[in-house]
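Structure in structure tokens, see below.
Hydrogens, waters and symmetry mates are skipped; everything else that's a heavy atom, side chains included, is used. Per chain, numbering begins at 1; letters A, B, ... match sequence-line order.
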Number of protein chains: 2
Amino acid sequence: MRSGPRPGGRSLRVQEAVHAAVTALIDETGREGLTVPQVAARAGVTPSTIYRRWTDMATLMRDVAQRNLRVDCPLKPCGRLSVDLPAWAEMYQEEMDSTPGRAMMRDVLRGWDGTQKACSLFDAVRPTIVSICDAAGEPVTFDVEAVIDAVVAPVLTRILFTDGPLPATLARDAAVAFVARHASGG
Amino acid sequence: MRSGPRPGGRSLRVQEAVHAAVTALIDETGREGLTVPQVAARAGVTPSTIYRRWTDMATLMRDVAQRNLRVDCPLKPCGRLSVDLPAWAEMYQEEMDSTPGRAMMRDVLRGWDGTQKACSLFDAVRPTIVSICDAAGEPVTFDVEAVIDAVVAPVLTRILFTDGPLPATLARDAAVAFVARHASGG
DNA sequence: CTGCTAAAGCAAATAATTTGCTTTTAATGA
DNA sequence: TCATTAAAAGCAAATTATTTGCTTTAGCAG
């Protein structure tokens with residue numbers, strides 16, 4: 001094969017330099033004024049390189065935000081769903097409703113084109129839910145997607161479409177109710 | 001009083017011309033290439049006017065999108081919650097998952113700053129839910145926000161964070177389950 | 001009708017983006 | 001190992017968008 005992507009070597013170095021530059025500039029001057037030429041200068045790279053690889057600032061910031069999308073390590077499961085799921089829900093809400101959580105969502109949604117998914121947000125969450133369910137001795141009678149709909153979805157939509165901080169126990173309460181529903185033979 | 005906003009007269013005319021120009025250009029050339037100078041030319045207005053009033057294209061498009069945020073007139077309620085709510089849910093999902101619905105969300109979220117709400121999406125939905133509940137003979141034992149969390153939230157988050165069209169009966173099923181939960185004395 | 005001022009127009013200055021072409025440099029095969 | 005090749009980067013000129021200082025227009029109150 002002659003053609004194809006060329007991920008190693010210089011390309012990689014440039015990508016890392018640019019990502020690092022964005023990250024550094026964000027916590028020096030905030031993400032508001034940030035421009036492509038600024039990032040390029042900081043990364044020691046030509047603006048046109050950035051434009052050609054990422055098209056614009058929104059796309060670049062979305063790319064960086066996705067990188068920082070870490071799988072949140074949950075508190076150690078104790079084995080009881082009615083304890084572990086609400087505990088995780090509370091932590092998840094705090095994480096998403098925090099300043100960095102909201103910033104991440106902002107960056108990711110700026111680059112959304114309206115057709116494909118904005119980012120694989122749920123792929124980071126599903127394994128955690130699964131591992132909590134696995135840790136539960138009780139056999140599980142529901143789908144992971146149902147948990148997402150019941151506890152993750154309200155958190156995300158309220159962040160986007162309501163003002164002020166979320167009710168502190170929103171996700172926790174949702175998780176408690178969800179477990180209760182499915183414990184009594186749903 | 002001497003100072004204060006000046007909503008009438010020329011300002012209003014300019015605002016309307018600009019909004020109309022955006023709308024017209026969107027369905028002529030799509031929303032992808034759209035620039036401020038283009039809109040200004042079409043509206044018969046100077047670019048600087050637009051920059052000063054809206055700061056940038058994203059903000060302008062968000063403004064226009066919010067205007068088109070109509071209160072969806074629901075099918076006539078028959079009076080039974082277990083029929084009306086699922087029917088409305090299905091319609092709502094279709095509306096939001098459609099091309100214009102997604103476009104509206106895109107425009108609205110582009111202008112989101114991460115702190116305040118992106119738009120009053122729920123204000124358009126709450127009256128509809130309330131009127132459906134009012135039409136129901138049965139006394140209602142739940143909160144409007146609970147309906148939003150249960151049926152609207154999953155639709156919106158899946159549009160944003162999953163690929164492909166939604167499961168056709170997602171919102172309907174959620175509504176059915178919700179009504180069932182609250183009918184049996186929840 | 002007159003004065004006041006928010007908002008619009010205009011145009012020059014600045015900054016960002018695009019683009020054609022050249023150079024560098026991983027990756028491939030001899 | 002070394003020559004070949006093309007993807008990706010650099011550079012700079014051309015284009016386009018954005019900002020800004022100042023001027024003009026036109027609602028609104030008296």
Side-chain angles (χ1 to χ4, degrees), chain A residues 1-26 28-64 66-67 107 110-113, chain B residues 1-26 28-64 67 106-107 110-113:
Chain A
M1 267 232 184
R2 276 302 163 80
S3 56
R6 192 179 287 190
R10 183 160 68 154
S11 289
L12 188 71
R13 278 196 309 278
V14 166
Q15 205 215 41
E16 281 169 354
V18 170
H19 276 197
V22 170
T23 305
L25 285 171
I26 277 179
E28 279 171 30
T29 57
R31 70 193 65 218
E32 211 48 57
L34 219 53
T35 68
V36 171
Q38 266 174 11
V39 172
R42 178 61 164 264
V45 152
T46 304
S48 62
T49 296
I50 294 179
Y51 287 119
R52 283 205 249 250
R53 272 184 73 145
W54 285 279
T55 59
D56 58 19
M57 199 60 210
T59 309
L60 172 54
M61 287 180 77
R62 173 163 168 250
D63 192 33
V64 173
Q66 280 175 322
R67 210 156 237 290
D107 292 346
R110 281 261 161 104
W112 186 48
D113 72 344
Chain B
M1 269 236 185
R2 277 297 163 82
S3 55
R6 191 179 286 189
R10 184 161 66 155
S11 289
L12 189 70
R13 278 198 308 279
V14 166
Q15 204 213 41
E16 281 168 356
V18 170
H19 277 198
V22 170
T23 305
L25 285 171
I26 277 179
E28 279 171 28
T29 57
R31 71 192 62 220
E32 212 47 56
L34 220 52
T35 68
V36 170
Q38 266 174 11
V39 172
R42 178 62 164 264
V45 152
T46 309
S48 63
T49 296
I50 294 180
Y51 287 119
R52 282 206 249 252
R53 271 183 71 147
W54 286 278
T55 61
D56 57 19
M57 200 58 210
T59 309
L60 172 54
M61 287 182 78
R62 173 163 168 250
D63 192 35
V64 173
R67 212 155 235 290
R106 197 203 87 147
D107 291 347
R110 280 262 162 103
W112 187 48
D113 71 344

remark   = Heavy-atom nearest pair, M61(A) first then I26(A), reads CE-CD1, 4.0 Å
request  = Let me know the distance between OH of Y51(A) and C1' of dG10(D), rounded to the nearest Å.
outcome  = 15 Å
note = Sequence neighbours excluded, the answer for salt bridge (charged side-chain N to carboxylate O under 4.0 Å, His left out) partners of R67(B) is none
query = Does R13(A) have a side-chain nitrogen or oxygen under 4.0 Å from the phosphate oxygens OP1 or OP2 of dA26(C)?
reply = yes
inquiry  = Please determine whether a side-chain nitrogen or oxygen atom of S11(B) lies at a distance below 4.0 Å from atom OP1 or OP2 of dA7(C).
reply    = no
ask   = Nearest of dA16(C), dC10(C), dG10(D) to any side-chain atom of T46(B)?
value = dC10(C)
task = Identify the heavy atoms of L25(A) and V39(A) that sit nearest to each other, and give their distance.
result = CD1-CA, 3.8 Å
query = On DNA chain C, nearest-nucleotide positions of T49(B) versus T55(A): which is more 5'?
reply = T49(B)
ask   = How far apart are the closest heavy atoms of G33(A) and Q38(A), and which atoms are they?
value = O-OE1, 4.2 Å
note = In terms of heavy-atom contacts, P47(B) and P37(B) come closest through CG-CA, 4.4 Å
task = Compare every heavy atom of T59(A) with every heavy atom of W54(A), then report the nearest pair and how far apart it is.
result = O-CB, 3.0 Å
request  = Measure from CD1 on I50(A) to P on dT18(C) and round the result to the nearest Å.
outcome  = 13 Å
note = Per side-chain contact (heavy atoms from CB on, under 4.5 Å), L60(B) is matched among D107(B), T55(B), I50(B), V36(B) by I50(B)
key: Distance below 4.0 Å between R53(A) side-chain N/O and dA9(D) OP1 or OP2   = yes
task = Figure out the CG/P separation between L12(B) and dA6(C), and round it to whole Å.
result = 19 Å
Nucleotide N/O of nucleotides 20-24 of chain C paired with protein N/O under 3.5 Å:
from: dG20(C); atom 1: O6; to: R52(A); atom 2: NH2; distance (Å): 2.6
from: dT24(C); atom 1: O2; to: R10(A); atom 2: NH2; distance (Å): 3.1

ask   = R53(A) side chain to Q15(A) main-chain N or O, any donor-acceptor pair under 3.5 Å?
value = no
inquiry  = Please report the distance, rounded to the nearest Å, between CH2 in W54(A) and C1' in dA9(D).
reply    = 12 Å
note = Here the residues of residues 29-43 of chain A within 4.0 Å heavy-atom distance, strictly under, of DNA chain D are none
task = Output yes when a side-chain donor or acceptor of R110(A) lies under 3.5 Å from a complementary backbone atom of R110(B), and no otherwise.
result = yes
